[in-house]
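Everything on this sheet refers to the single structure shown next.
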Amino acid sequence: MSECRKLTGKVAIVFGGSRGIGAAAARRLAREGADVGLTYVSAPDKAADTVRAIEDEGRTGFAIKADSADPTAIRNAVTQAVAQLGRLDIVVVNAGILRLGDLQAVSLQELDLMLNVNVRGVFLAIQAAAAHLPEGGRVITIGSNTAVRSGYPGSSVYAMTKAAVAVMVKGIAVDLAPRGITVNNIQPGPTLTDMTAGHIDSIVPSIPLKRVGDPDEIAGLVAYLASGESGYMTGSSLTIDGGMAL
Ligand SMILES: NC(=O)c1ccc[n+]([C@@H]2O[C@H](COP(=O)([O-])OP(=O)(O)OC[C@H]3O[C@@H](n4cnc5c(N)ncnc54)[C@H](OP(=O)(O)O)[C@@H]3O)[C@@H](O)[C@H]2O)c1
């Protein structure tokens with residue numbers, strides 16, 4: 001079986017791998033043969049569940065608490081992943097937060113938190129991980145289709161952070177191209193996770209496919225971008241949203 005796996009011998013780190021899309025990505029990377037380290041901030045039990053799922057695939061997994069708003073924690077997570085798993089080939093930067101609020105309702109604290117986790121944390125995670133990536137390394141960010149289909153009430157800060165990721169990826173792709181490392185961004189639409197539970201059904205009518213996404217569908221795209229098959233793609237943002245952004 002192992003020869004069918006796309007990522008045998010590879011090591012990945014998933015920032016925000018305890019729940020939702022990040023956990024699905026971590027499980028899928030393990031299914032493809034990778035050992036996987038993951039970070040979490042608030043849900044150690046969910047992180048432990050995901051590690052068990054990685055181990056059930058016959059791979060090595062470990063979880064480390066690392067707040068993506070904390071630069072030191074981000075760098076420590078990368079150092080620990082390399083120390084425990086021996087190398088680093090794939091970095092998935094998924095950790096992100098959604099806070100909705102009208103213009104006047106957004107506090108300075110919320111603004112800073114979203115920028116720190118969704119933008120600064122993404123940059124610092126890539127910066128720290130890229131120092132270890134070999135030729136053929138893969139950087140994958142999880143943005144959002146709100147970067148291209150914006151204009152929802154209360155979404156200005158969130159959409160701004162995800163648009164920043166899409167642009168960031170282009171510059172980093174050029175910076176890392178001489179080393180043969182690709183950098184791409186996945187832009188999901190509404191996907192059933194804790195982040196969207198409770199308000200996702202009202203969005204369905206505006207989705208041409210008339211359903212929300214499953215985290216495993218996003219994970220499938222992560223697996224493709226992590227594999228050798230995607231080697232000619234870099235700097236791209238790929239929207240996966242049931243046609244919502246059309
Ligand atoms: N779900 C959607 O519809 C959707 C659509 C477009 C884009 N996205 C993006 O996809 C990514 C994942 O979303 P999701 O729906 O899977 O969210 P989720 O269910 O809320 O899970 C968020 C994940 O990120 C981690 N995380 C959150 N803040 C963190 C921090 N400060 N430091 C480290 N880790 C942190 C969480 O860790 P803990 O478990 O420890 O809290 C968890 O693993 C986000 O970037 C989100 O913006 C989601």
Side-chain angles (χ1 to χ4, degrees), residues 13-28 36-51 53 63-78 91-100 110 112-122 124-125 128 140-150 152 155 157-166 168-169 185-204 206-207 211-219 221-222 237-242 244-245:
I13 184 168
V14 179
F15 287 89
S18 43
R19 293 182 285 129
I21 292 169
R27 290 193 305 267
R28 178 64 192 268
V36 185
L38 60 93
T39 73
Y40 68 95
V41 67
S42 71
D45 293 351
K46 296 289 174 98
D49 288 346
T50 307
V51 169
I64 175 172
K65 183 172 182 178
D67 187 346
S68 279
D70 177 352
T72 302
I74 290 169
R75 293 175 187 131
N76 284 345
V78 170
V91 53
V92 180
V93 193
N94 167 78
I97 52 173
L98 169 69
R99 302 273 195 282
L100 298 173
E110 284 173 325
D112 285 345
L113 182 61
M114 290 189 62
L115 289 168
N116 285 344
V117 175
N118 292 9
V119 181
R120 190 182 71 174
V122 175
L124 292 176
I140 301 157
T141 58
I142 307 297
S144 166
N145 77 337
T146 57
V148 285
R149 189 185 199 270
S150 304
Y152 301 102
S155 70
V157 178
Y158 181 75
M160 169 175 70
T161 65
K162 295 303 188 176
V165 171
M168 183 199 306
V169 156
N185 177 41
I186 296 174
Q187 300 187 144
T191 305
L192 193 54
T193 67
D194 293 343
M195 181 180 279
T196 49
H199 64 90
I200 203 164
D201 288 344
S202 62
I203 305 171
V204 169
S206 62
I207 303 173
R211 68 173 178 87
V212 297
D214 185 287
D216 287 337
E217 294 177 300
I218 314 301
L221 190 47
V222 171
S237 283
L238 305 171
T239 299
I240 172 167
D241 70 347
M244 190 179 179

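The shown structure was predicted, so the numbers you read here are calculated from the model rather than taken from an experiment. We count ligands from 1, going down the list as the structure has it; atoms in each ligand are counted the same way.
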Between [Y] and [X], is there a side-chain heavy-atom distance shorter than 4.5 Å?
{"X": "V204", "Y": "V212", "value": "yes"}
{"X": "V119", "Y": "M168", "value": "yes"}
{"X": "P190", "Y": "T196", "value": "no"}
{"X": "Q187", "Y": "D241", "value": "no"}
{"X": "F15", "Y": "V122", "value": "no"}
{"X": "V51", "Y": "L38", "value": "yes"}
{"X": "K162", "Y": "S237", "value": "no"}
{"X": "P215", "Y": "T193", "value": "yes"}

Please report whether ligand 1 has a polar contact with [X], defined as an N or O pair separated by less than 3.5 Å (distance criterion only).
{"X": "A69", "value": "no"}
{"X": "G22", "value": "no"}
{"X": "A43", "value": "yes"}
{"X": "D67", "value": "yes"}
{"X": "R19", "value": "yes"}
{"X": "T39", "value": "no"}
{"X": "S68", "value": "yes"}

Nearest to [atom], what protein heavy atom do you find, and at what distance?
{"atom": "atom 14 (P) of ligand 1", "value": "T193 OG1, 3.5 Å"}
{"atom": "atom 27 (C) of ligand 1", "value": "G96 O, 3.7 Å"}
{"atom": "atom 6 (C) of ligand 1", "value": "P188 O, 3.2 Å"}
{"atom": "atom 42 (C) of ligand 1", "value": "S18 OG, 3.6 Å"}
{"atom": "atom 13 (O) of ligand 1", "value": "M195 CE, 3.8 Å"}
{"atom": "atom 29 (C) of ligand 1", "value": "V41 CG1, 3.5 Å"}
{"atom": "atom 33 (C) of ligand 1", "value": "A66 O, 3.3 Å"}
{"atom": "atom 25 (C) of ligand 1", "value": "G16 CA, 3.7 Å"}

Would you check, one step at a time, whether the test side-chain contact (heavy atoms from CB on, under 4.5 Å) holds for V157 with E110? CA-CA 9 Å; V157 178; E110 284 173 325; over 6 Å; no
For ligand 1, which atoms sit closer than 4.0 Å to a heavy atom of [X]?
{"X": "D194", "value": "19 (O)"}
{"X": "I142", "value": "9 (C), 10 (O), 11 (C), 45 (O)"}
{"X": "I97", "value": "28 (N)"}
{"X": "S42", "value": "38 (P), 40 (O), 41 (O)"}
{"X": "I21", "value": "10 (O), 16 (O), 48 (C)"}

With a 4.0 Å cut-off on heavy atoms, is [X] touching ligand 1?
{"X": "L98", "value": "no"}
{"X": "A24", "value": "no"}
{"X": "G143", "value": "yes"}
{"X": "K65", "value": "no"}

Grab the two heavy atoms, one from [X] and one from [Y], that are nearest each other, plus how far apart they are.
{"X": "M244", "Y": "I203", "value": "CE-CG2, 3.4 Å"}
{"X": "S155", "Y": "L100", "value": "CA-CD2, 4.0 Å"}
{"X": "L98", "Y": "M114", "value": "CA-CE, 4.5 Å"}
{"X": "A245", "Y": "T239", "value": "CB-CG2, 4.3 Å"}
{"X": "G143", "Y": "N185", "value": "N-OD1, 3.0 Å"}
{"X": "V222", "Y": "I140", "value": "O-CD1, 3.6 Å"}

Pick whichever of [options] has a heavy atom sitting closest to [atom].
{"atom": "atom 1 (N) of ligand 1", "options": "N118, T146, T191", "answer": "T191"}
{"atom": "atom 5 (C) of ligand 1", "options": "A95, G189, S144, G213", "answer": "G189"}
{"atom": "atom 12 (C) of ligand 1", "options": "N94, V212, T196, I240", "answer": "N94"}

State whether the side chain of R120 and the backbone N or O of A69 hold a donor-acceptor pair below 3.5 Å, judged by distance alone. yes
Got a second to check how far N145's CG is from L238's CG, nearest 0.5 Å?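 Spacing of CG (N145) from CG (L238) equals 13.0 Å.
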What's the separation between atom CD1 in I21 and atom CD1 in I218, rounded to the nearest 0.5 Å?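 Taking CD1 in I21 and CD1 in I218, the distance rounds to 5.0 Å.
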Heavy-atom pairs closer than 4.0 Å: do any link ligand 1 to the side chain of [X], the backbone, both, or neither?
{"X": "V117", "answer": "side chain"}
{"X": "P190", "answer": "backbone"}
{"X": "Y158", "answer": "side chain"}
{"X": "K46", "answer": "neither"}

